[in-house]
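The structure appears below as structure tokens.
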Amino acid sequence: MILITGITGKIGQNLLPLLASSTEKFRLLVRDPSKVKAPANAELFKGDLSDAASVSAAMQGVSKAFLVFGSFPGSAKLHDDAIDAAKKAGVSHVVRLSVNGADANSPVQLARWHAQSDAHLQASGLTWTILRPGAFMQNLLGSAATVKGDGVIYGSSGEGKVPFIDAADIAGVAFKALTTPGHEGKIYPLTGDVAHSYAEVAAKLSSLLGKPVKYVNLPHEQFKAAVVSAGVPEWLASDYVAMNQATAAGFMAPVAPAVSQLLGRARTLDQFLTAHLGAFKA
Ligand SMILES: NC(=O)c1ccc[n+]([C@@H]2O[C@H](COP(=O)([O-])OP(=O)(O)OC[C@H]3O[C@@H](n4cnc5c(N)ncnc54)[C@H](OP(=O)(O)O)[C@@H]3O)[C@@H](O)[C@H]2O)c1
């Protein structure tokens, strides 16, 4: 039995068809079971990663677990608690979703929180695999409203490039790590095969939509104020700025080979934008 968390999320939704194609048995820990149509080889388990008793119950009889859920102030402790629950229940192998650049000294809080939980897993005595994706292509859907309205992607990353990864490829790697041998004790940085600037993303959308779309680079403080006024919490807006600064300085551009090595070829930005074009159309 393999326990899967985060099945309703961006990675989890792409994992569902892969689970359905497998001969393994899965348990899907979900807060709201009505959100998921489980395949025949998967059982739904109503639980919450902030509820220790439900996490402990979900881990019983499980051989491997995929741990992924959101990051927010206090979440690192919940990630650590889930690792401890896996250890206590006798789970043998945990595959953990972290972030590219996870580092205890990072200026990005998300990267510090993930570094803490990666270290916790590595010290746990469990067999582990750590997946460290960079920015998801799915994040670009956050610009859909301004692309529809003004034909603009706003940011503060300058000319910096990002090798966006499709969450479907993260799901593909997670599935491999959970169902095939050879991934024990590995940390996989995960990116797409090509880094693009936001101006290049805008140009691609322009061509696909047949209307002008441009990238407008804002000063970091103006960008932060805009996302906070759109409802993003202050701490996350600060992280966005720290990530944009790193992007502008070229630190986010390096491409990692793991997706191509494990899956053959990473999904391209053109494939993603074409598949999600409806979201950017007025
Ligand atoms: N977005 C990126 O570019 C990016 C890049 C690298 C790493 N990451 C990391 O990827 C992870 C996922 O982030 P995301 O925002 O993209 O996630 P997401 O798609 O919103 O998915 C989060 C999943 O976790 C579940 N979840 C949240 N809190 C839970 C709880 N208390 N108990 C049980 N399930 C819970 C959610 O279920 P519900 O349906 O119940 O809400 C959902 O299935 C985070 O750790 C993030 O730091 C993201």
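All ligand and atom numbering here is 1-based and tracks the order in the structure. It should be emphasised that the depicted structure is a prediction, and the values quoted were computed from it without experimental measurement. Position 1 is the first residue of the sequence; numbering continues from there.
Distances below 4.0 Å separate heavy atoms of Thr8 from the following atoms of ligand 1: 36 (C), 37 (O), 38 (P), 39 (O), 42 (C), 43 (O). Atom numbering of ligand 1 starts at 1 in the shown order; those under 4.0 Å from a heavy atom of Ala135 are 3 (O). Close approach to Val99 involves these atoms of ligand 1, each under 4.0 Å from a residue heavy atom: 6 (C), 7 (C). For ligand 1, the atoms lying closer than 4.0 Å to a non-hydrogen atom of Ser98 are 7 (C). Of all atoms in ligand 1, listed by their number and element, those nearer than 4.0 Å to a heavy atom of Lys10 are 14 (P), 15 (O), 16 (O), 18 (P), 19 (O), 20 (O). Listed by number with element, the atoms of ligand 1 under 4.0 angstrom from any heavy atom of Ser71 are 44 (C), 45 (O), 46 (C), 47 (O). Near Asn139, with a cut-off below 4.0 Å to any heavy atom, the atoms of ligand 1 are 1 (N), 2 (C), 3 (O). Less than 4.0 angstrom separates some heavy atom of Gly6 from each of these atoms of ligand 1: 23 (C), 24 (O), 43 (O).
At the top of the distance list for atom 9 (C) of ligand 1, counting protein heavy atoms only, stands Leu97 CD1, 3.6 Å. Atom 30 (C) of ligand 1 has as its closest protein heavy atom Asp48 OD1, 3.5 Å. The single protein non-hydrogen atom nearest to atom 44 (C) of ligand 1 is Phe69 O, 3.3 Å, given as residue, atom name and distance. The closest protein non-hydrogen atom to atom 34 (N) of ligand 1 is Leu49 CD1, 3.8 Å. The single protein non-hydrogen atom nearest to atom 48 (C) of ligand 1 is Phe136 CZ, 3.4 Å, given as residue, atom name and distance.
Grouping the Ile, Leu, Val, Met, Phe, Trp and Tyr side chains by contacts below 4.5 angstrom, directly or via other members, places Leu44 apart from Leu29.
In this structure, the ring of His276 has its center less than 6.0 angstrom from the ring center of Phe272.
Thr129 is listed as a side-chain neighbour of Tyr188, based on a closest heavy-atom distance under 4.5 Å.
Using a 4.0 Å cut-off between heavy atoms, Lys35 contacts ligand 1 through its side chain alone, with no backbone atom that close. Counting heavy atoms closer than 4.0 Å to ligand 1, residue Arg132 contributes nothing at all.
Nearest-heavy-atom check against atom 40 (O) of ligand 1 across Arg31, Gln138, Arg96 picks out Arg31. If you check each of Ala82, Gly134, Ala167, Gly70 against atom 22 (C) of ligand 1, the one with the closest non-hydrogen atom is Gly70.
There is no protein heavy atom less than 4.0 angstrom from atom 13 (O) of ligand 1.
Taking only nitrogen or oxygen atoms, main chain and side chain alike, Leu110 does not reach within less than 3.5 Å of ligand 1.
Under the salt bridge (charged side-chain N to carboxylate O under 4.0 Å, His left out) criterion, Lys148 pairs with no residue at all, not counting sequence neighbours.
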